[in-house]
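To start, the structure itself, in structure tokens.
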Amino acid sequence: LQFILELRVLDSLVKSNLISEGGGGGMGAQKKGGGAKVSEDAEEQSRQRLQAILLADSFATKFRPVTLERPKVLLPIVNVPMIDYTLAWLEYAGIEEVFVFCCAHSVQVIEYLEKSEWYSHPNLVVRTIESHKSISAGDALRYMYEQQTETSQIQGDFVLVSGDTVSNMPLADLIQEHRERKKKDEKAIMTMVIKQSKSSSLTHQSRLGTDQLFIAVDPLTKQLLHYEEDKIDHPRGSICLDKSLLDSNPSVLVCNDMQDCYIDICSPEVLSLFEDNFDYQHLRRHFVKGVLVDDIMGYKIFTHEIHSSYAASIDNFRSYDTVSKDIIQRWTYPYVPDINFSGNRPLKLGRQGIYRASDAVQSRSADVGASTVIGYGTKIGDGDKILNSVIGNGCSIGSNVVIEGSYIWNNVTIEDGCEIRNAIVCDGVKIRAGAVLHPGVVLSFNVVVGRDFVVPAYSKVSLLQQPTTEDSDEELEYADSSSGTADHMSGLNLQMEPKASELGPDGAGYIWEVCEGAHDEEWKHSVAPIPKDKLSEFTQAIDDDDTDDESVIPASGELKSDADSINTDMNDPNDDYYYFEKEVEGTVLRAVEENIKVDLVTLEINGLRLSYNMESADCAGATFYSMMKLAVDTPHSSASELYKTATSIISKWKELLGFYVKKIDEQIEVIMKFEEMCQDSPKELGPLFTQILHLLYDKDVLQEDAILRWAEEKAGADEVDKVYLKQCETFIQWLKEASEEEDEDDEDEEEDD
Amino acid sequence: MDFQVVILAGGFSSTLFPLVSKEVPKALLPVANRPVLSYVLDLLESNNLKDLIVVVEGEDAALKVGGWISSACVDRLHVEVAAVAENVGTAGALRAIAHHLTAKDILIVSGDIVSDIPPGAVAATHRRHDAAVTAMLCAQPVSGPSESGGSGGKDKTKKPACEDIIGLDSWKQFLLYIAKGTEIKKDTRVKKSILCAAGKMELRSDLVDSHIYAFKRSVLQKVLDQKPAFRSLKQDVLPYLVRTQLSQRSDVFSDQSNVEENGNGNGKNNMQNNEVVLSQILSNASSPSFHQVYESGLDSRKTHKCCVYIADESKYFVRLNSIQAFMDVNRDVIGDANHLSGYSFSAHHNIVHPSAELGSKTTVGPHCMLGEGSQVGDKCSVKRSVIGRHCRIGSNVKIVNSVVMDHATIGDGCSIQGSVICSNAQLQERVTLRDCQVEAGYIVCVGGEHKGETFARK
């Protein structure tokens with residue numbers, strides 16, 4: 001791993017040189033090109049202004065607890081709010097009108113924009129749209145669509161970004177490319193920007209802390225064919241590409257080394273698609289997947305790979321850390337701390353990538369290391385050691401403080417002798433003398449850390465209490481936070497009561513509990529580097545995986561060897577059936593437990609049947625199997641007891657079974673299934689074979705034809721297979737006679753009973 | 001060049017019934033009046049690969065093939081003919097002749113190939129990457145490349161189904177995935193681990209495996225020894241190697257020293273590996289393959305490389321593995337790909353042996369071949385067909401898109417289209433055949449009209 005890191009540094013140095021040399025010239029030329037085009041087809045250009053929708057809300061909770069008090073887009077990254085990076089870039093890239101969609105903390109966002117220069121910008125018109133009902137990007141776009149019909153705001157193709165995007169890529173050419181493609185192919189509704197970025201082979205996580213991404217594109221047209229974000233929980237296994245994909249494309253490029261920049265060029269159809277599909281929430285998980293799967297409309301999404309420019313979306317604390325470092329290392333030029341791009345006060349760039357405000361006061365004995373940013377009005381005391389960190393404006397740092405790889409926002413007070421490693425410290429925090437922040441700590445606004453208090457690693461501390469109702473669904477989770485934000489804001493003062501003293505006697509703040517599901521997330525998505533033991537764990541895991549690999553090779557479409565196929569053979573065609581059976585079993589079990597109506601159960605099983613592409617006979621087999629399994633699983637002491645349970649279940653649910661055993665074939669399937677089950681558990685079910693068969697006959701589930709046909713088929717089988725045939729020989733004999741003399745049927749039955 | 005060449009010549013293939021018979025094993029089927037095996041031998045000879053082992057299934061077939069080889073090329077090549085039991089599969093055949101294999105690398109060529117792709121290039125690629133296995137891929141042949149309708153007409157409707165699905169890395173050097181298209185029912189599953197290691201994988205369905213492989217002998221023999229159930233090189237051995245390329249298990253490849261000596265290039269332990277790779281990077285040497293990077297990231301892990309050589313699209317390649325392919329290859333060798341035949345063509349783009357006799361008003365069109373001593377009666381018309389040696393063809397006979405083998409007799413007024421008449425077969429007068437195959441020595445009775453039939457003695 002060491003050398004990979006070194007590589008990155010090496011790489012980044014080379015790259016940053018390139019950009020700083022060539023960046024300015026390239027940009028200028030590109031702008032000129034844009035101008036020429038304007039005159040060329042001025043008509044079209046005037047009709048279609050370059051527009052963008054900026055979602056000033058991530059509809060996620062990854063930045064909690066910080067985002068409870070301030071919207072994510074206003075969080076500072078290298079001392080400038082994220083939204084400024086996005087707006088500055090959009091303006092630079094030639095966008096003329098931006099719709100800022102505000103949702104959570106919309107008041108704050110609007111207030112900020114009003115105070116900033118953006119409202120009075122000559123080239124860029126910034127409009128805000130407010131909606132409190134939206135709980136997802138999908139909702140936001142639907143809202144935009146409704147607005148659009150009223151005022152026709154979005155006129156043509158538009159750029160869709162979120163307010164946490166840091167980029168310096170040129171857009172004009174890309175939009176042009178998109179428009180031309182659209183002209184040729186009506187169905188090309190979206191172009192999404194991707195960038196090469198190899199995810200770690202160990203953690204399967206990208207540099208930005210996002211899950212690894214598998215995409216498939218057509219190498220010639222760059223059309224997106226497959227999009228899959230992999231949860232890190234399943235680092236192995238395989239990705240499935242539909243066969244038709246390969247049939248229609250002679251060549252498909254499957255990439256694992258791409259990163260989605262979350263910058264999309266969309267045609268107006270995208271908005272209407274969101275309107276039509278009210279269940280699209282997430283831009284990628286729902287919309288992109290939906291478009292790819294839907295072959296009725298035939299809409300297509302294309303990709304555009306950027307090579308020399310920068311684009312990243314700040315999705316979590318790890319990407320916050322990564323992007324901050326990229327900014328300091330000038331990948332994002334011209335959006336770097338020493339340039340005024342959004343009304344920020346530029347800092348002075350010194351050696352070793354140290355940016356310092358002109359009025360920052362630094363003690364002579366303080367040691368400020370490479371890649372550090374120090375904001376205005378900040379005082380640094382004696383003997384401090386600061387490395388790889390960003391310190392905001394108006395902070396005061398006592399003496400002998402160690403700050404490493406941390407992000408200290410504005411007006412933070414750090415007293416003497418504190419140690420801060422890989423932490424985020426929000427505005428107004430007070431860290432009393434001798435306190436220690438372990439890696440991965442996030443201190444939200446105005447928290448006070450008590451004297452000599454040690455904040456454990458990965459703690460998230462806030463003055464606000466953790467919302468008690470944690471919903472597993474991210475989007476929904478956000479819903480209550482957005483509606484509740486106003487309360488939080490007003491209630492802030494109430495919460496500030498000193499009773500919140502989980503941070504030592506003189507501290508203030510609650511340490512948030514880690515919610516169950518997100519246990520892994522804390523180290524994956526934290527600003528702290530991944531600890532060594534985790535890495536070695538992964539190495540170990542991969543080792544294990546691979547050694548397993550051979551024996552448990554997945555039931556893939558790969559050519560199977562004879563040797564391997566012994567254990568995998570079962571899977572291929574029967575795999576589906578196995579899962580189908582499991583699902584049916586679950587359904588039946590639930591039906592029995594909750595006493596659901598037969599109609600509903602039938603409906604459900606039919607649904608399963610369709611989704612697994614099964615025959616009616618399969619349903620019959622699976623349903624019967626589930627019923628018998630239920631009977632066997634019910635505790636019983638003797639065979640007769642088991643028989644009783646089976647009787648009651650069968651008589652109760654025979655309608656359900658009856659639904660699938662209308663044909664002789666299906667009935668035979670049931671008998672075969674039953675036989676199979678008996679073979680599997682010869683002790684329990686075996687002796688009851690005839691009895692239950694008789695029962696099924698009595699209950700009109702099975703007709704005599706089916707039983708006789710089965711007997712005929714079995715007659716030619718091996719001796720081993722004929723055990724159960726023999727067992728019920730008399731019954732079959734009787735059936736045969738009965739069918740000959742139907743009149744005596746009833747009497748015989750009574751006798752038998 | 002320390003390469004041993006194994007030609008898997010097959011035996012009496014049942015898919016080619018009734019073309020092959022007791023007298024004619026698959027390897028000796030005539031393509032433009034030369035056994036198909038001769039094309040392979042010529043190809044190897046032109047690449048200076050002269051040390052060959054021809055593996056034939058069945059003693060009888062081996063005798064036949066051996067007899068032909070000794071008469072044809074004993075002076076030019078060093079050929080050994082080995083007989084193996086029938087139906088052992090390609091892997092089984094190699095297992096049976098394992099004791100003959102001594103060279104460091106083995107080049108395995110299927111005996112039914114008619115092609116001009118240099119196998120030497122495969123060998124070179126194999127050596128360059130120091131691969132465990134190198135497979136040759138070529139563009140999928142367009143089925144029935146008939147220029148103007150003809151018998152290919154019926155094939156036009158069916159689109160060639162994708163035969164192989166092949167995953168390549170972004171430099172098209174390594175084989176990351178291989179699957180048979182026909183076996184994949186719904187979707188293709190690609191293992192994530194290999195994708196993660198390689199970053200990018202290009203899945204191609206327009207390439208086919210051409211059954212020319214170069215194997216590292218140590219690896220091949222180990223796999224054959226340890227997986228006795230493997231029967232086929234293409235279906236078992238190759239996919240197995242591809243699948244396990246990132247995770248050689250110690251039990252299969254316990255004898256690592258051998259492979260390593262051969263220069264897998266990666267040092268003895270992990271630390272060293274790291275240094276090697278890093279120094280390579282720093283010295284700006286060619287970037288390390290993902291295999292090396294992957295290896296260096298993990299302890300005690302060995303990888304092997306599966307490489308590919310992709311033939312140029314302009315190259316010709318057909319495997320004679322079906323009757324259709326037999327027709328195609330005969331047509332192509334005297335037509336589009338006539339540089340393969342080794343004959344010199346006349347100004348009319350055909351070859352009529354000087355000793356052949358043509359009756360009056362008989363025309364032999366372009367892309368035709370008429371063998372030594374054959375006689376054609378009056379008012380006949382031969383188009384795009386191959387006629388063997390010493391055939392007797394009556395008058396008013398029409399032969400289009402067909403292959404007539406040696407010593408066949410065709411009566412007056414016959415019409416033959418898209419058919420194969422094997423040697424010594426006899427067509428009586430006024431027989432009309434369309435898309436038929438006539439077994440060697442079979443007699444088709446007077447005046448029949450047949451379509452799509454196979455004539456053979458039961």
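Just so you know, these numbers come straight off a predicted model, no measurement behind them. Numbered from 1 within each chain, the chains take letters A, B, ... in sequence-line order.
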Practice item. Please report the shortest heavy-atom distance between D206(B) and P250(A), naming the atom on each side. Key: OD1-O, 3.4 Å
Check your understanding: What's the spacing between K200(B) NZ and I215(A) CD1 if we round to 0.5 Å?
Key -> 8.0 Å
Practice item. Supply the atom-to-atom distance S251(A) OG to I166(B) CD1, rounded to the nearest 0.5 angstrom. Key: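 Spacing of OG (S251(A)) from CD1 (I166(B)) equals 11.5 Å.
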Point to revise | Non-neighbouring partners of R319(B) that pass side-chain hydrogen bond (donor to acceptor under 3.5 Å, both in side chains), sequence neighbours left out | key: D112(B), H211(B)
Point to revise | Pairing residues for D218(A) by the salt bridge (Lys or Arg N to Asp or Glu O under 4.0 Å) criterion, not counting sequence neighbours | key: none
Exercise for review: Run through V252(A), L253(A), V254(A) and flag the one making a side-chain contact (heavy atoms from CB on, under 4.5 Å) with E202(B).
Suggested key: L253(A)
